Participant: 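The structure follows.
Here the structure is a predicted model, which means the values were calculated and not measured. We count ligands from 1, going down the list as the structure has it; atoms in each ligand are counted the same way.
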Amino acid sequence: MNKKRCIIFAIVLLLVAIAVSAYMYGKNSGTIEELTYKKFLDMAQKNQVDIVYLDNGSEITGRLKDGTSFVTQNPRSENFKENMLMLGVDVREGSRNEEVMAVLRSIFVLALLVLFVWMISRGMKKNSLSVKNDPADQLSSLECETLRNVGITFDDVAGSEEAKESVKDIVDFLKNPDRYVKMGARMPRGIIFYGAPGTGKTLLAKAVAGEAGVPYFAFSGSDFVQIYVGVGAARVRHVFKKARETGKCVIFIDEIDALGKKRDGFGSGGNDERSQTLNALLTEMSGFNANEGVVVIAATNRLDILDEALLRPGRFDRQVEIGLPDVNGRFEILKIHGRNKPLSGDIDLKKVSRQTVYFSGAQLENLLNEAAIFAAKRGSKLIENEDIDKAFYTVIAGAEKKDRSAISRKDRQITAYHEAGHALATKLLAPENRVSRVTIIPSTRGAGGFSISLPPDRMYHSRVDMENSIKIAIAGRIAEEIIFGQDNVTTGASNDIEKATRIVMDLIKRFGMGEKTGLLNYDIALRNIEGAHKEIIEEGRKAMEKYYNQVKGLLIENKYFLDKIAKTLLEEETIDEEQLDAIMGGEDIASPAGENSQSPVRDSGKSPVVA
Ligand code: ADP
């Protein structure tokens with residue numbers, strides 16, 4: 001119910017309360033007979049008086065048994081009340097008017113109480129049902145939704161060619177249903193887009209609606225899961241009812257996992273609401289005629305956690321993966337988002353796309369947006385490479401920490417060696433990786449420094465790739481240890497250790513690459529076997545020890561380069577791949593402390609030692 005209706009209802013309720021009160025007042029004050037005191041006594045004795053209202057006034061009011069109100073003189077005699085009681089008259093203290101007022105008051109209070117309870121229950125419903133995104137509200141503003149959506153088409157979605165291809169028939173079905181109906185074809189009722197966040201799932205759903213020219217309604221799975229059992233299910237039914245009334249349309253449910261996670265198989269398992277909501281969705285999806293033109297598109301980051309019931313034929317029977325873009329996809333996405341931005345001629349989007357391995361579409365969009373903000377802040381008319389560079393760092397590591405005064409010299413040195421360790425290990429072990437930036441500028445996300453080592457785009461990763469990733473991750477800690485001693489290693493390596501542990505465990509448990517443990521998936525093999533994981537941990541620990549010794553040996557042998565990279569980092573704070581290559585090639589690009597060497601000096605005496 002909307003606000004206007006609510007106010008009208010409140011006013012009507014009040015008017016009714018007043019009318020009833022007035023009626024009662026009128027009834028009571030309608031015919032008043034004036035009786036002489038004698039006649040009154042007479043009638044009382046004849047048992048004709050029902051009530052007498054007694055107060056200190058000059059008159060007594062009351063009601064006869066036939067319902068007539070009367071008024072008579074007040075004798076003010078001391079035993080009047082007793083006499084009346086003896087005659088069986090109901091004597092009430094206070095005037096009749098007071099009693100009428102009391103009735104009026106209680107009616108008024110009752111009306112207020114009813115209004116209050118009604119508003120509270122409405123408020124509760126509103127909280128659980130509508131808040132911002134009430135489907136009813138959304139569905140009632142169809143025109144505006146349609147208009148909003150018209151702008152987005154497949155041209156706005158770069159890359160994702162396979163995904164676009166797999167929804168083109170749905171667009172055609174929505175546009176020309178007759179053609180398909182004649183063939184007896186059934187339109188898929190539900191499609192699931194799955195893939196990493198920011199890969200353009202929402203964008204593609206909008207584009208489906210935009211291409212077909214039908215309304216688009218977006219909800220989040222969590223919109224349907226409410227605190228009160230049954231409310232979510234009611235919302236689902238409501239949305240589908242409205243959608244069917246609308247005719248052709250696209251219903252988009254983001255984060256479908258919020259309501260469609262695998263059920264635990266032990267009955268309701270404590271989340272009745274989610275279960276009921278999911279059942280309502282399944283029933284609705286099975287219920288509507290496939291050719292009505294209602295397409296439900298759902299998105300999730302993970303398909304594997306969804307309840308199988310959702311994926312059965314007739315429900316979300318088409319599943320489309322939308323993965324992270326490859327280098328060409330990234331280039332196309334950058335072109336789309338660079339269209340309306342004044343990019344300087346120096347900016348090579350191809351190069352940027354090569355530097356942004358593992359970036360999602362949303363991150364690429366964010367990169368150009370941040371670059372535009374940096375350029376605007378500088379007061380420049382064009383976005384330059386330096387803006388892209390800064391933005392790159394911001395997107396990956398959060399904004400640069402501006403206040404660096406509190407960082408001690410020692411901390412800077414530790415960070416420099418730590419990052420130098422990562423960079424050097426990358427150059428020695430995985431020269432095909434790109435080290436697009438090494439920096440000791442702390443980020444607001446808490447990292448002391450950062451070194452970005454991007455492996456080339458590959459479909460598969462070999463054992464050596466994975467081992468190298470582990471070694472590169474632990475090289476930071478090992479560099480600290482070599483320079484500052486075992487007792488002075490810091491907490492800075494916690495993320496690296498986490499990463500290395502994850503890879504080594506994957507290597508052993510998932511990919512069958514452990515030396516002793518062999519070709520088994522240990523997540524499956526060890527399910528429910530308590531204590532059996534000891535062997536895995538032992539294998540992981542041994543592997544890690546081996547990598548540690550190898551990396552330590554390698555860094556010690558190449559300590560010359562470790563020092564050089566760290567020194568350069570301390571002076572310049574950030575170095576890029578070119579500078580790093582120059583150092584590895586033997587060029588002394590850092591000006592040694594105290595000296596003022598301007599140009600790089602080639603130190604031909606040293607070359608890296610690869611284990
Ligand atoms: P998801 O739903 O997968 O989390 P979105 O569709 O919300 O991702 O993407 C967020 C934003 O990222 C989009 O609005 C768009 O600006 C950008 N984006 C993502 N993927 C692409 C793409 N393939 N082409 C163009 N822009 C994209």
Side-chain angles (χ1 to χ4, degrees), residues 133 138 145 148-168 170-171 190-212 216-224 250-261 295-306 316 318-341 343 349-350 352-373 383 388 391-392 394-396 457:
N133 237 352
Q138 276 203 22
E145 284 285 340
R148 190 169 73 83
N149 187 43
V150 159
I152 295 177
T153 66
F154 284 154
D155 287 344
D156 297 294
V157 188
S160 316
E161 292 310 321
E162 301 86 355
K164 273 193 257 179
E165 205 50 52
S166 62
V167 289
K168 271 190 180 148
I170 291 181
V171 172
I191 307 160
I192 288 201
F193 291 159
Y194 66 97
T199 44
K201 299 182 286 295
T202 313
L203 190 68
L204 190 59
K206 280 185 190 165
V208 169
E211 288 279 340
Y216 163 85
F217 306 109
F219 307 100
S220 166
S222 49
D223 286 346
F224 291 108
V250 169
I251 299 179
F252 177 66
I253 307 176
D254 202 2
E255 297 171 24
I256 184 89
D257 31 303
L259 68 96
K261 241 192 230 148
V295 179
V296 188
I297 301 181
T300 179
N301 298 340
R302 292 188 49 195
L303 194 64
D304 56 314
I305 58 166
L306 291 186
F316 290 98
R318 189 177 285 191
Q319 291 121 32
V320 178
E321 180 173 11
I322 306 193
L324 289 171
D326 62 9
V327 64
N328 293 327
R330 294 198 296 273
F331 180 52
E332 294 302 322
I333 296 173
L334 285 168
K335 274 204 299 199
I336 283 189
H337 293 290
R339 272 191 310 217
N340 59 353
K341 295 187 176 66
L343 298 177
L349 288 184
K350 266 250 172 294
V352 178
S353 62
R354 278 197 299 274
Q355 287 175 339
T356 43
V357 183
Y358 299 146
F359 270 47
S360 67
Q363 279 176 309
L364 292 169
E365 191 270 338
N366 195 9
L367 175 80
L368 290 186
N369 189 47
E370 289 289 339
I373 293 172
I383 300 174
I388 301 261
F392 186 78
T394 310
V395 173
I396 283 210
D457 269 334

Participant: At what distance, to the nearest 0.5 angstrom, does CG of L349 lie from CG of L364?
Facilitator: 10.0 Å
Participant: Where is the nearest protein heavy atom to atom 10 (C) of ligand 1: which residue, which atom, and how far?
Facilitator: A362 CB, 3.9 Å
Participant: May I ask you to identify, for L204, whether its side chain, its backbone, both or neither come under 4.0 Å of ligand 1 on a heavy-atom basis?
Facilitator: neither
Participant: For the backbone of S166 and the side chain of R318, can you confirm whether one donor and one acceptor N or O come within less than 3.5 Å of each other?
Facilitator: yes
Participant: Check K206, R339, K335 against D156 for a salt bridge (Lys or Arg N to Asp or Glu O under 4.0 Å) and give me the one that passes.
Facilitator: R339
Participant: Measuring from L367:CG to H337:NE2, what's the distance to the nearest 0.5 Å?
Facilitator: 11.0 Å
Participant: Between L306 and Y194, is there a side-chain heavy-atom distance shorter than 4.5 Å?
Facilitator: no
Participant: Between the main-chain N or O of G329 and the side-chain N or O of E332, is there a donor-acceptor pair closer than 3.5 Å?
Facilitator: no
Participant: Quick one: nearest non-hydrogen protein atom to atom 14 (O) of ligand 1, plus distance?
Facilitator: L203 CD1, 4.2 Å
Participant: Which of the numbered atoms in ligand 1 are under 4.0 angstrom from any heavy atom belonging to K201?
Facilitator: 1 (P), 2 (O), 3 (O), 4 (O), 6 (O), 8 (O)
Participant: In the protein, what heavy atom is nearest to atom 18 (N) of ligand 1, and what distance, to one decimal place, separates them?
Facilitator: G361 C, 3.7 Å
Participant: Would you say T202 and ligand 1 have an N/O pair spaced under 3.5 Å apart?
Facilitator: yes
Participant: Find all atoms of ligand 1 within a distance of less than 4.0 Å from any non-hydrogen atom belonging to E365, and give their numbers and elements.
Facilitator: 16 (O)
Participant: Report the member of A196, S160, G198 with the shortest heavy-atom distance to atom 19 (C) of ligand 1.
Facilitator: G198
Participant: Any N or O of V157 that comes nearer than 3.5 Å to an N or O of ligand 1?
Facilitator: no
Participant: Please report which non-hydrogen protein atom sits nearest to atom 24 (N) of ligand 1, along with the residue it belongs to and the distance in Å to one decimal place.
Facilitator: A158 N, 2.9 Å
Participant: Checking a contact table here: which protein heavy atom is nearest atom 16 (O) of ligand 1, and how many Å away?
Facilitator: H337 CE1, 3.1 Å
Participant: With rounding to the nearest 0.5 angstrom, report the CD to NZ distance, E321 to K201.
Facilitator: 10.0 Å
Participant: Shortest non-hydrogen contact from V320 to I191?
Facilitator: CG2-CG2, 4.0 Å
Participant: Is the distance between the ring centroids of F193 and F252 under 6.0 Å?
Facilitator: no
Participant: At what distance is the nearest protein heavy atom to atom 8 (O) of ligand 1, and which residue and atom is it?
Facilitator: G200 N, 3.2 Å
Participant: Give the numbers and elements of all ligand 1 atoms closer than 4.0 Å to a heavy atom of D156.
Facilitator: 24 (N), 25 (C)
